[in-house]
Amino acid sequence: MKRLVLKDLSKTYFDPYAGAHVTAVQEVSLEVKQGEFVSVVGPSGCGKTTLLNMIAGFIPASGGEILLDERAVDGPGPERGVVFQSFALFPWKTVLENVAFGPKIRGLSRTEREKIAREYLDLVGLANVAERYPNELSGGMQQRVGVVRALANNPDVLLMDEPFASVDAQTRMTLQEELTRIWQERRPTIIFITHDVGEAVFLANRVVVLSKGRILKEIEVTLPRPRAWDLLTEDAAFKALSGQVLQLVRSA
Amino acid sequence: MTPLLKAWSLYARWTARYPAVHSIVPFIPLVALWAVVAESNIFPRAFFPGPLEVVRSFGTLVYKGILPDYLEDSIVRLAVGTAAGVALGIPLGVLVGLSPRAHALLWPILLFFQAIGDIAWLPILLIWFGFSLTTMTFVIVYTVLFPVVLNTALGVRSVPLDLHRAALSLGASRTRVIWEVVLPGALPNIMTGLRNGLGYGWRALIAAEIIVGTSGIGFLMFDARRAGSVVEILLGMIVLGVLWYIVDSWVLAPIERATGERWGLVTR
Ligand SMILES: Nc1ncnc2c1ncn2[C@@H]1O[C@H](COP(=O)(O)OP(=O)(O)OP(=O)(O)O)[C@@H](O)[C@H]1O
Ligand SMILES: [Mg+2]
């Protein structure tokens, strides 16, 4: 089952300082199946964020189309959940209210939405900080909230743009392991943007290498799950795959 | 040394128990100095009365009911003017902050009218509306409006783009985003605008009462001048200061503590 389909997707920016057009994404075609975990990796400036922002509906495409279950995407919508690098939690809402925000918009009663929110907070071990405000949490905790806030809204696709880039290395590994665990339990469809090759391979079923706005190569990742860093760091297959992707990214 | 230490520990204990003591203590030397200068009779007593005379006149004016009446008039005028200024200013600020077109259209006009100080309107207002409540209300609303509009617009623009996007991606409509994201995000700035607006509005009110008034604290002071009562003028000035302190510490500061500071949007 094809869930998300990108057809010849392009984006051209106008740079007013240079007075010229910049092509950030060029004729990208991609199919993502229901329940798939796809990583998009590439060097800085290759158009990863632009691609994700178009799928999220934050910016219009210059050409091509985006279809979600055969329907054209137009603007942001709750069927495409987003996890931000900046976390983007609402500072004036408690952790619980943040996670309950999507259900609240859907019109669920306070009891219903708080029940859902607590369930999801439990999933990442944050039930005990439900009443706190985001600024009272560590970066790692804040991004856990960011992830479950998106999940609690039951999106068809989860879009993540370098969500773990601004936490420390140890926390990042824990978050990656938690995300693979959640993915295995609930099978959401995920598009995960990163510039970290190891992260891309560790998480995904498929790694898409992006270069200068184009897809350079798609690589299937068949590493067994559950995945844990303790097991994979020394794993030959993981190392081979990472090496292959790294070479592609560096040649990009 | 020991008595000094004892006094200090007493002070520390009292301020811990009653935080208000903190704000009263700094005034003790000031009032003492005032009393000493007044008692020394360097200046004629009628020109420079001491604290005791002011307290006595406070008593008489409260007893006669003049001070409470005037105070009420001033506060009601300020409250009505501020409420109107805020009710107009916040939506206007949101509009200017969100819409580039509205910004391009309204910003120059706002800056132009902001430059015409509130009091500068009095001559023409007096011709249009006479010595009336309309004139006074206009001046206060006018004064409160600009800081609220300008700061609200600033606050609206300071809300990170990702927060808008997050809300939209969670299904919120544009209107919903205004209530759930834009207004709370702009609240610290709106409070700054309100604080400035109230401060300016308060001053404008006193000035308007002096010129236009038939009642109010400003009028009390102006009337006292006519009667040559320095005591009442001083009393009016002290009332102004105390009242501002009360508004700040009982109304504004608690709101700020419960919102922006709590959320980590404003550093303490
Ligand atoms: N708003 C914009 N206006 C003009 N050019 C832009 C704009 N946004 C991005 N670009 C350009 O488009 C290209 C792709 O940018 P994009 O942010 O998508 O890259 P990225 O892969 O996400 O990079 P990074 O890894 O650094 O986040 C870059 O050359 C960038 O300069
Ligand atoms: Mg990026």
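Chain naming here is simple, since letters A, B, ... match the order of the sequence lines and numbering starts at 1 in each.
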With a 4.5 angstrom heavy-atom cut-off, which part of A:Phe101 approaches chain B: side chain, backbone, both or neither?
-> side chain
May I ask you to check whether over 12 heavy atoms, not counting those of B:Trp107, lie within 6.0 Å of atom CH2?
-> yes
Could you tell me which portion of A:Leu159 (side chain, backbone, both or neither) has an atom closer than 4.5 angstrom to a non-hydrogen atom of chain B?
-> neither
With side chains defined as the heavy atoms from C-beta onward, is the minimum distance between A:Gln85 and B:Asp162 less than 4.5 Å?
-> no
Non-hydrogen atoms of chain A under 4.5 Å away: do they reach the side chain of B:Pro184, the backbone, both or neither?
-> both
A:Pro155, A:Gly102, A:Gly77: which one forms the most heavy-atom pairs within less than 4.5 Å of chain B?
-> A:Gly77
Going from OH on A:Tyr133 to CZ on B:Arg262, what distance comes out if it is rounded to the nearest 0.5 angstrom?
-> 4.5 Å
With side chains defined as the heavy atoms from C-beta onward, is the minimum distance between A:Phe58 and B:Ser169 less than 4.5 Å?
-> yes
Return yes when atom CZ of B:Arg174 has more than 12 non-hydrogen atoms of other residues, nucleotides or ligands closer than 6.0 Å, and no otherwise.
-> no
Part of B:Arg176 within contact of chain A (heavy atom distance under 4.5 Å) = side chain
Counting only heavy atoms not in A:Glu70, do more than 12 fall under 6.0 Å of its CD?
-> no
Flag the one option from A:Pro76, A:Pro91, A:Ala88 with the top tally of heavy-atom pairs under 4.5 Å to chain B.
-> A:Pro91
At what distance, to the nearest 0.5 angstrom, does CG of B:Leu170 lie from NZ of A:Lys104?
-> 12.0 Å
Using non-hydrogen atoms and a 4.5 Å limit, figure out which bit of A:Arg106 sits close to chain B: side chain, backbone, both or neither.
-> neither
Note: A:Ile105 and B:Gly171 closest approach over all heavy atoms is CG2-O, 3.2 Å
Side-chain touch A:Lys93/B:Trp263, heavy atoms, less than 4.5 angstrom = no
In this structure, are over 12 heavy atoms from other groups packed under 6.0 Å from A:Asp74 atom CG?
-> no
Neighbour count >12 (heavy atoms, 6.0 Å) for atom CZ, B:Phe112 | no
Heavy-atom closest contact (A:Trp92 atom, B:Leu163 atom, distance) = CH2-CD1, 3.8 Å
Assess whether atom CZ of B:Phe27 is packed by more than 12 heavy atoms of other residues, nucleotides or ligands within 6.0 Å.
-> no
